[in-house]
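Since we're looking at a predicted model, the values are computed, not measured. First the proteins, then the strands, lettered A, B, ... as listed; each starts at 1.
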Amino acid sequence: MIESISDVVRIPLPVGEEFFIKKHRLEAEGKAKKRICIVTGIHGDELEGQYVCYEVAHRIKLAQENLNGIVDIYPAMNPFGIDSITRGIPAFDLDMNRIFPGNSDGDMNEYLASEIIKELSDADVVLDIHASNIFLTETPQVRINEVSVSSLLPLAVKSNMDLVWIHGASTVLESTLAYSLNSKGTKTLVVEMGVGMRITEEYGEQLTEGIFSIMSELGIWTGEICRTRQPIIAQDNDGTDVCYLNAACAGVYMKERKQGSFVHKGDTIGKIISPLSGEILEIVRAPEDGLLFTVREYPVVDEGSLMGRILKQKVLSENNV
Amino acid sequence: MKISEIYSFKGLYRDDFRVTGYEFGEGEKSICIVGSLRGNEYQQMYVCSMLVKKLKKLEEAGKISKGSSIMIIPCGNPYSVNIKKRFWSIDNTDINRMFPGYGLGETTQRIADGIFNVIKEYKYGVQLASFYMPGHFVPQVRMMKTGNENIDLARKFGLPYIVLHNPRPFDTTTLNYNWQIWDTEAFSIYTSSTEKINKESAGQGVDSVLNFMAKEGILDYESSGFVASKIVESENFVTIRSNSAGFLDSIAKAGDKVIKGQVIAYISDPYTSDVLQTVKSDYDGIIVFAYDSPLAYMNTALFKIIPEKSQ
């Protein structure tokens with residue numbers, strides 16, 4: 001096996017420092033090879049992918065004779081963001097996942113985005129690992145834009161995630177890394193799991209198994225793989241598969257149910273309390289039977305803040321769950 | 001003048017969030033002007049406050065045409081302004097990426113919805129807009145090429161430039177874009193600054209909106225500072241970029257006429273003052289945007305120039 005750590009891009013910063021994005025390549029020797037890219041850290045406050053990057057590399061190194069292709073790992077696409085606990089790109093107040101495909105003649109960030117696209121374009125599969133944000137915990141899932149279903153769903157079901165959420169097309173999402181790569185024909189799966197600013201080891205292990213399963217499917221990994229779970233598939237093109245629980249008022253949200261719980265209509269999901277008056281301001285109940293796949297972690301809510309999402313029973317029934 | 005609450009909700013440990021509108025005249029919803037939607041858009045709010053002051057006097061003098069009503073919303077996001085944060089206080093989302101909004105959605109979607117429900121029926125919409133990079137503009141009207149843009153109307157502001165640009169994916173969630181989709185003739189006005197108040201440029205912005213209202217018969221007002229606008233496509237702007245990083249010392253400013261080869265800035269080493277780049281204009285033309293920050297990163301758009309031949 002050939003192993004290297006190299007720069008994807010390196011440019012000078014104004015004061016005594018250089019900016020760089022690093023990649024870790026693990027490559028089998030000889031012959032033409034397929035290539036998978038593990039990408040994370042586009043949002044600097046999402047750390048779940050950090051453990052996955054470590055774990056994938058660690059497991060390959062322990063059984064490197066089974067590697068039959070190229071695995072490129074990019075743990076920090078937004079290094080400034082990770083270093084400063086910032087979701088976007090600090091100093092520019094930009095969401096990095098809204099500037100793709102970038103522009104090689106544009107400003108520093110547009111240039112970086114274009115270099116990232118160039119770097120990833122000839123991969124056979126790209127996994128872009130996200131971790132929700134600091135407010136919400138997500139059940140491990142793959143999200144697919146309806147325009148890419150035919151090419152991505154066969155891979156998504158191998159990813160060992162609990163849910164594949166196929167959502168409707170949205171113009172705004174056209175500036176994401178995944179959309180840009182998929183529109184160029186580079187198969188790119190978006191994983192959402194866990195919560196911002198934390199690492200859930202269990203989810204990291206689960207996705208790592210899924211990555212080896214996808215690698216095996218591509219012929220990049222010849223070693224044994226675990227049996228992967230069958231995900232629930234939500235064909236939510238028209239946006240009717242999911243109930244959204246938004247806060248009716250500002251307060252402090254106390255969650256009572258964990259992500260991944262099955263709930264019945266009327267069940268208490270949590271409550272919004274007022275520490276100032278000692279009152280319960282709202283008891284948050286499930287509007288329908290279903291799977292609570294998103295829960296709020298960050299307790300302070302404004303009117304409208306998202307407290308959870310429920311995948312409706314009809315989808316569970318379609319999936320024989 | 002009528003003061004109304006456009007949208008509000010209760011805060012947890014803060015005063016209520018309130019968006020306030022100032023209405024002049026009565027009758028058809030003629031024109032709505034929106035100022036700051038972000039926490040650092042002081043100049044945009046200032047222009048609106050000056051408009052409120054002027055319109056109050058004009059209304060008292062009976063100068064607002066019968067059957068016309070004018071709405072000014074100086075600030076759509078006082079929570080962020082008061083804590084000096086550009087985007088929404090808790091989740092850092094941008095209200096100007098949430099239009100047309102969603103009343104049952106998340107907080108900034110609800111704010112966008114609450115504002116848009118009140119302003120979407122106006123015949124004309126004007127947003128005092130800002131650019132995401134720190135810098136100064138030559139005052140201009142910007143219009144997205146949605147197929148609904150009306151250049152002849154834009155001329156009635158009497159600003160030096162009308163800039164046309166193609167919408168990008170994120171533009172579809174801005175106020176301006178959605179106004180146009182809902183059949184409001186929408187314009188974005190850029191005055192020179194954002195975080196610093198430039199009174200001269202603000203005055204030009206105020207005049208331009210009053211000029212427009214006068215020419216559209218909404219107001220009996222003698223135009224001032226009116227100039228014939230030049231039409232420019234933003235794709236014809238030439239961008240002069242830094243090819244090194246360090247301290248920026250700009251010599252030229254927005255509005256300056258420059259010639260090819262003219263030195264317009266230096267970038268120097270922040271430790272030794274050695275010049276790293278002598279920035280020259282590539283064209284004869286007018287500077288319409290000048291970056292304003294002591295530090296320049298690699299590839300920063302330091303200047304945008306309209307070449308003489310494209311004017």
Side-chain angles (χ1 to χ4, degrees), chain A residues 9 11-19 45 86-88 91-95 98-100 103-112 133-136 170-176 179-180 244-252 272-276 281 298-307, chain B residues 8-14 16-17 38 40 79 85-94 97-98 102-111 113-114 132-133 167-173 177 239 241-242 244-248 267 269-271 276 291 293-302:
Chain A
V9 63
I11 46 180
L13 287 168
V15 185
E17 187 188 352
E18 290 192 327
F19 175 95
D45 61 350
T86 309
R87 184 171 182 78
F92 299 91
D93 223 353
L94 279 177
D95 184 336
R98 295 290 181 274
I99 60 171
F100 289 100
N103 175 1
S104 59
D105 297 322
D107 72 14
M108 179 174 138
N109 300 304
E110 292 171 312
Y111 168 75
L112 292 177
N133 53 36
I134 63 165
F135 304 105
L136 304 166
S170 153
T171 314
V172 172
L173 296 180
E174 289 176 14
S175 41
T176 61
Y179 185 94
S180 296
Y244 293 79
L245 308 173
N246 295 89
C249 58
V252 170
I272 300 175
I273 58 169
S274 166
L276 183 62
L281 302 174
Y298 188 76
V300 177
V301 291
D302 283 332
E303 182 181 321
S305 294
L306 190 64
M307 297 173 297
Chain B
S8 69
F9 58 74
K10 293 212 168 298
L12 175 60
Y13 295 126
R14 291 183 69 168
D16 293 356
F17 175 85
R38 293 161 180 155
N40 68 339
Y79 261 29
K85 190 173 177 200
R86 183 165 160 80
F87 298 129
W88 184 244
S89 49
I90 194 164
D91 63 8
N92 212 38
T93 52
D94 182 358
R97 295 285 180 274
M98 292 294 165
Y102 177 45
L104 300 174
E106 296 208 43
T107 312
T108 44
Q109 291 176 307
R110 292 182 186 213
I111 296 168
D113 174 74
Y132 80 98
M133 298 240 285
R168 292 150 293 181
F170 62 80
D171 282 320
T172 55
T173 51
Y177 185 90
T239 302
R241 293 188 182 276
S242 50
S244 53
F247 275 142
L248 172 66
I267 293 178
D269 185 310
Y271 290 167
L276 301 172
Y291 183 73
S293 169
L295 288 183
Y297 291 84
M298 279 283 283
N299 291 10
T300 296
L302 302 176

S.K.: Drop me the distance from A:C249's SG to B:L12's CG, to the nearest 0.5 angstrom.
M.R.: 9.5 Å
S.K.: Quick check on A:D105 against chain B: is it the side chain, the backbone, both or neither that has a heavy atom closer than 4.5 Å?
M.R.: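 It is the backbone, since no side chain atom gets that close.
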S.K.: Does the side chain of B:T300 reach to within under 4.5 Å of the side chain of A:M108, using non-hydrogen atoms?
M.R.: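 The answer is no; the side chains never approach within 4.5 Å.
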S.K.: Sort out for me which of B:D171, B:T108, B:D91, B:T239 touches chain A most, counting heavy-atom pairs under 4.5 Å.
M.R.: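 The answer is B:D91.
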S.K.: Using non-hydrogen atoms only, which part of A:Y244 is less than 4.5 Å away from chain B: side chain, backbone, both, or neither?
M.R.: neither
S.K.: Looking at CD1 of A:I11 and CG of B:N299, how far apart are the two atoms once the value is rounded to the nearest 0.5 Å?
M.R.: 6.5 Å
S.K.: Taking every heavy-atom pair that is under 4.5 Å apart, which of B:G103, B:G105, B:A301 has the most such pairs with chain A?
M.R.: B:G105
S.K.: Chain B heavy atoms under 4.5 Å from A:L173: which part of the residue, side chain, backbone, both or neither?
M.R.: neither
S.K.: Side chain, backbone, both or neither: which part of B:I111 has a non-hydrogen atom closer than 4.5 Å to chain A?
M.R.: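 Neither part.
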S.K.: Taking the side chain as every heavy atom from C-beta outward, state whether B:R110 and A:D302 have any pair of such atoms under 4.5 Å apart.
M.R.: no
S.K.: Report the distance from atom CG of A:D107 to atom CE of B:M298, rounding to the nearest 0.5 Å.
M.R.: 12.0 Å
S.K.: Check each atom of B:F247 against the heavy atoms of chain A and say whether the ones under 4.5 Å are side chain, backbone, both or neither.
M.R.: neither
S.K.: Side chain from CB out, backbone as N, CA, C, O: work out which of these in B:N92 comes under 4.5 Å of a heavy atom of chain A, or both, or neither.
M.R.: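 It is the side chain, since no backbone atom gets that close.
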S.K.: Indicate the atoms forming the closest heavy-atom contact of A:P14 with B:A296, along with that distance.
M.R.: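 Nearest heavy atoms, A:P14 then B:A296: CG-O, 3.4 Å.
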S.K.: List the steps and the verdict of ring pair (Phe, Tyr, Trp, His ring centres under 6.0 Å) for A:F19 and B:Y297.
M.R.: CA-CA 11 Å; A:F19 175 95; B:Y297 291 84; 9.4 Å; no
S.K.: Where on B:Y102 is there a heavy atom nearer than 4.5 Å to chain A: the side chain, the backbone, both, or neither?
M.R.: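 Neither; nothing under 4.5 Å.
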S.K.: Between B:L295 and chain A, with a heavy-atom cut-off of 4.5 Å, which part of the residue counts as in contact: side chain, backbone, both or neither?
M.R.: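 Just the side chain, heavy atoms under 4.5 Å.
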